[in-house]
Amino acid sequence: RAKEEGRNQVRFFLEQMQEHADRRQQVEENLRQAIKDDKLFVCYQPLVKSNGRIVGAEALVRWADDNSGLINPSAFIPIAEMTDLICSVGQWVLTDVCKQMAEWERQGKKLVVSVNISPREFQQSDFVEQVQDIVLGTGVRAEYLVFELTEGILLNHIEAVKTKMQRLSQLGIRFSLDDFGTGYSSLQYLKQLPLDTLKIDQSFVQDITTDSSDATIVSTIIAMAQTLGINVVAEGVEKREELEYLEHWGCRLFQGFYFSRAVRAKRMGALIPEAGENQLREVPITSYKK
Ligand code: C2E
Ligand code: MG
Ligand code: MG
Ligand code: MG
């Protein structure tokens, strides 16, 4: 009977796996169609200084599905990342962002915008050419673009990663390392790559006022970034108290619901400060010698 039960369990497990696979395939198919039908759109979350002044924004994709309504990226990006579908999503997002930035520029508004780039997109052999085409095609100034990479890209040979980053830097693009602290980055890597900014993952920021080890991790990351001469952004700031801790440790750049959620492009456009010219100086380019 044990054998019988075991067989049932295996069958149950296999059925579940099949269901998972089916659902994943369904999402993939719907997403592919959504890209064609222009059902994706980009929201922008302000990046601010302590005084609330906006010095940039992060582009965050959303999917408006006819049946399911608004779908957040955590529900489809990980699935897209399993295949080359993420490359289509990424191209669509970057193009849409660059068009929007060019439109803002025509209105006399300049905003530094950061875009999330998945490891698989970055790995494409013609990634730099794709980016160049989009930049040229939309007429955007690449100096206003920041690419957010995760530690996942370091699974590749560091030299190849570095070379590609340098080629993109030559276009004017800068880099930040996203979700910092959740991966396995060695400080050695940090030093070698032309990184402009570290973004401390929100999971650490969440508990700084209650968990002393998270407080230590965060204050150490801030101090380390300062030593290396790179900017540091605290992600996921939700409370006044968290902001106070972070400022006390020397962090000057923030993103989080305390200041603003991600908003539609139109609203973001209205929020862009007049003297947008100063943004580049306020978020200094530091690490280009590397
Ligand atoms: P991420 O790049 O780390 O982006 C920050 C996420 O944290 C966003 O979620 C943002 O809305 C959320 N967030 C910001 N402030 C707070 C806060 O104070 N509290 C809380 N609880 N959350 C906050 P979102 O938009 O759902 O995006 C989730 C992830 O999906 C992103 O994490 C990024 O990894 C990925 N993603 C989003 N858009 C794109 C894209 O265009 N391309 C790629 N490859 N990935 C994307
Ligand atoms: Mg990000
Ligand atoms: Mg992040
Ligand atoms: Mg994340």
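Every heavy atom of this structure was used, including side-chain atoms; hydrogens, water molecules and symmetry mates were not. In each ligand, atom 1 is the first atom listed, and ligand 1 is the first ligand listed.
Of all N, O or S atoms in Asp178, the one lying closest to the Mg ion (ligand 3) is OD1. Of all the N, O or S atoms in Asp179, the one closest to the Mg ion (ligand 3) is OD1.
The shortest N or O to N or O distance between Ser74 and ligand 1 is not below 3.5 Å. At least one N or O atom of Val61 sits closer than 3.5 Å to an N or O atom of ligand 1. Residue Pro73 places no N or O, backbone or side chain, under 3.5 Å from any N or O of ligand 1. An N or O contact shorter than 3.5 Å is missing between Gln255 and ligand 1 by distance. For the pair Tyr258 and ligand 1, the shortest N or O to N or O distance does not fall below 3.5 Å.
Using modelled atom types and a 3.5 Å distance limit, the side chains of Gln18 and Asp22 yield a donor-acceptor pair. For the residue pair Gln170/Gln166, the side-chain donor-acceptor check at 3.5 Å is not satisfied. In summary, the side chains of Ser203 and Asp201 do present a donor paired with an acceptor at a separation below 3.5 Å, with no hydrogens or angles considered.
At a 4.0 Å heavy-atom cut-off, ligand 1 does not touch Val115 at all. With a heavy-atom cut-off of 4.0 Å, Asp179 touches ligand 1 through its side chain alone. Residue Lys199 does not touch ligand 1, judged by heavy-atom distances below 4.0 Å.
Within the structure, the side-chain hydrogen bond (donor to acceptor under 3.5 Å, both in side chains) test picks out the following pairs touching residues 248-257 (sequence neighbours left out): Gln45-Gln255, Glu58-Gln255, Lys199-Gln255.
Under a 4.0 Å heavy-atom criterion, Arg62 is in contact with ligand 1. Every heavy atom of Gly90 sits 4.0 Å or more from the atoms of ligand 1.
Comparing heavy-atom distances from atom 23 (C) of ligand 1 across Phe180, Phe254, Phe122, Phe257 singles out Phe257 as nearest. The residue among Gln202, Glu235, Glu58 with a heavy atom at the shortest distance from atom 13 (N) of ligand 1 is Gln202.
Under a 4.5 Å side-chain heavy-atom cut-off, the cluster of Ile, Leu, Val, Met, Phe, Trp and Tyr residues that includes Phe257 has no other member.
In this structure, Asn72 contributes its side chain and Ser74 its backbone to no donor-acceptor pair below 3.5 Å. Glu247 contributes no side-chain N or O that, together with a main-chain N or O of Glu244, makes up a donor-acceptor pair within less than 3.5 Å.
Note on Asn116: counted as a metal contact of the Mg ion (ligand 2), an N/O/S atom lying under 2.8 Å.
With respect to the salt-bridge test (charged N to carboxylate O, under 4.0 angstrom), the residues Arg32 and Glu29 do not qualify. Between Arg120 and Asp84, at least one side-chain N (NZ, or NE/NH1/NH2) sits under 4.0 Å from a carboxylate O, which counts as a salt bridge.
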